[in-house]
Asker: 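Here's a structure for you.
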Number of protein chains: 2
Amino acid sequence: MKLTTKGRYAVTAMMDLALHQSEHEHVSLKSIANHQEISVAYLEQIFSKLKAGGLVNGIRGPNGGYRLSRSAESISIFEIIDAVDEPIDITRCHGKKDCQDGEVCLTHELWTDLSNQISSFLDQLKLGDIVRSERVRKVAARQSMRCTEAQQTQHVSFN
Amino acid sequence: MKLTTKGRYAVTAMMDLALHQSEHEHVSLKSIANHQEISVAYLEQIFSKLKAGGLVNGIRGPNGGYRLSRSAESISIFEIIDAVDEPIDITRCHGKKDCQDGEVCLTHELWTDLSNQISSFLDQLKLGDIVRSERVRKVAARQSMRCTEAQQTQHVSFN
DNA sequence: TAATAACCAAGTAAAATAGTCGGAAATAAC
DNA sequence: GTTATTTCCGACTATTTTACTTGGTTATTA
């Protein structure tokens, strides 16, 4: 599992979605783009993968947008990153156990252990946990205020 | 902290060093290159950083090579990777807490938590732990056999 | 029928990665 | 003291990956 800015954008966008889908039937990429300072085009690319991964549902047309396909409590951060980032071969052997002479390499288990450690951490952590956290709510509130003042969009704005 | 093949090569090379420095006063990059199928030139680059990080000592000239500067038990995997790989900005905000409007971003803590998790795992893990492990000893023994058969080098060969 | 928004494929510029190349300096063996 | 060995050092380069943009098409609502 790789970790790039794309994956981070994906998590942030999913949080935005989780925080807003109670207010609107669907959350548009345009609104997320405003909040998170990412281009709509790039978000499209990200959401195409999130959709392929079964994490969101999209609806076209005016007032269209996205919703989480399941509850935020059941979606793990791992799933989100896994959906958008290419898997990384942390083991150098591409998961195969025959990296050297048809046998495992010296550090094979080290890398798989680390990889499992990371995956496990991110898999236990659910989108809902983060959205629910006090600090996030505070940031969201601040962002909401700032955006409402600044740029009269039709929705409540976050960042 | 980033994790690239360079970092993995570094760990593998350090293991090779730990496994061999009892047999020879100094372990040459040439021998490690043979074992690990990396070019000497690339290993030089890696060891220049390991040396700068204070993890190894180098001696020039015939029968020269490298030794661990400390016991394998006191060198953590984190130190090795940290010495050769550029640090990664897992947080997108480059450690600063003002990524958005002079305030923290929504997912700031998520990324720092993850980063700490990974660092902590790799810092607790010492080179000595891995070298001592049963499985590594087995692989080393196999590699030793294979190399001795195949390519009569002056040293006991590992892979 | 006009506007909105998802959907899709392809292209591109910049950065990072994974190396190579060509030499110089130190040291040991002969 | 010459030769071989090995570290040491800086720069260069090819490839891959990343982070996007561009230019459309299709569905849906007003």
Asker: It should be established whether Thr4(A) places a side-chain nitrogen or oxygen under 4.0 Å from OP1 or OP2 of nucleotide dA19(D).
Answerer: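 Yes, within the criterion.
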Asker: Find the distance Lys51(B):NZ to dT6(D):P and express it as a whole number of Å.
Answerer: 17 Å
Asker: How many whole angstroms separate atom CG of Leu50(B) from atom P of dT7(D)?
Answerer: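 About 13 Å, once rounded to whole Å.
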Asker: If you take any heavy atom closer than 4.0 Å to DNA chain D, which residues from residues 40-49 of chain B end up in contact?
Answerer: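 Only Glu44(B), Gln45(B) qualify.
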Asker: Under 3.5 Å between N/O atoms: give me all the protein pairs with nucleotides 27-30 of chain D, atom names plus distance.
Answerer:
residue: dA27(D); atom: O4'; partner: Arg60(A); partner atom: NH1; Å: 2.9

Asker: At under 4.0 Å, does any side-chain N or O of Lys30(A) touch on OP1 or OP2 of dT4(C)?
Answerer: no
Asker: Report yes if a side-chain nitrogen or oxygen of Tyr9(A) is closer than 4.0 Å to either non-bridging phosphate oxygen (OP1 or OP2) of dC20(D); otherwise report no.
Answerer: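 Yes, within the criterion.
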Asker: Can you tell me if the side-chain N/O atoms of Thr5(A) get under 4.0 Å from OP1 or OP2 in dT18(D)?
Answerer: no
Asker: Is there side-chain contact between Ile32(B) and Ile38(B), with heavy atoms separated by less than 4.5 Å?
Answerer: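 No; the side chains remain at least 4.5 Å from each other.
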Asker: Quick one: side chain to side chain donor-acceptor pair (under 3.5 Å) pairs with a partner in residues 49-60 of chain A, sequence neighbours left out?
Answerer: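 Checked against side chain to side chain donor-acceptor pair (under 3.5 Å) - neighbours excluded - the pairs reaching residues 49-60 of chain A are Lys49(A)-Glu86(A).
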Asker: Strictly distance-based, threshold 3.5 Å: is any side-chain N or O of Arg67(A) a donor or acceptor partner for the main-chain N or O of Glu25(A)?
Answerer: yes
Asker: Classify the angle between the aromatic ring planes of Phe47(B) and Tyr66(B) as parallel (below 30°), tilted (30 to 60°) or perpendicular (above 60°).
Answerer: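 Geometry flag for Tyr66(B) against Phe47(B): tilted rings.
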Asker: Considering residues at least two apart in sequence or located in another chain, which fulfil the side-chain contact (heavy atoms from CB on, under 4.5 Å) criterion with Glu44(B)?
Answerer: Leu29(B), Val40(B)
Asker: Taking atom C1' of dC8(D) as reference, at what distance in whole Å does atom CG of Leu29(B) sit?
Answerer: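 Between C1' of dC8(D) and CG of Leu29(B): 10 Å.
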Asker: I need the OH-P distance between Tyr66(A) and dT4(C), as an integer number of Å.
Answerer: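 Tyr66(A) atom OH is separated from dT4(C) atom P by 18 Å.
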Asker: How many Å lie between NE2 on His26(B) and C1' on dA28(C), as a whole number?
Answerer: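 Computing the His26(B):NE2 to dA28(C):C1' distance gives 12 Å.
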Asker: Can you list everything that forms a side-chain contact (heavy atoms from CB on, under 4.5 Å) with Asp123(B)? Sequence neighbours excluded, please.
Answerer: Ser76(B), Phe78(B)
Asker: Check the distance between dC7(C)'s P and Asn57(A)'s CG and give it to me in whole angstrom.
Answerer: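 Rounded to the whole Å, the gap is 9 Å.
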Asker: If I take atom NZ in residue Lys6(B) and atom C1' in nucleotide dT20(C), what distance separates them, rounded to the nearest angstrom?
Answerer: 13 Å
Asker: Check whether any side-chain heavy atom of Gln45(B) sits under 4.5 Å from a side-chain heavy atom of Val84(B), and report yes or no.
Answerer: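 The answer is no; the side chains never approach within 4.5 Å.
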Asker: Rounded off to whole Å, could you give me the CZ-to-C1' distance for the Arg67(B) and dT7(D) pair?
Answerer: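 After rounding, the reported distance stands at 16 Å.
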Asker: Indicate yes or no for a side-chain donor-acceptor contact from Ser31(B) to the backbone of Val27(B) under 3.5 Å, with no hydrogens or angles considered.
Answerer: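 A pair under 3.5 Å: no.
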Asker: Can you list everything that forms a side-chain contact (heavy atoms from CB on, under 4.5 Å) with Ala72(A)? Sequence neighbours excluded, please.
Answerer: Ala18(A), Leu68(A), Leu127(A)
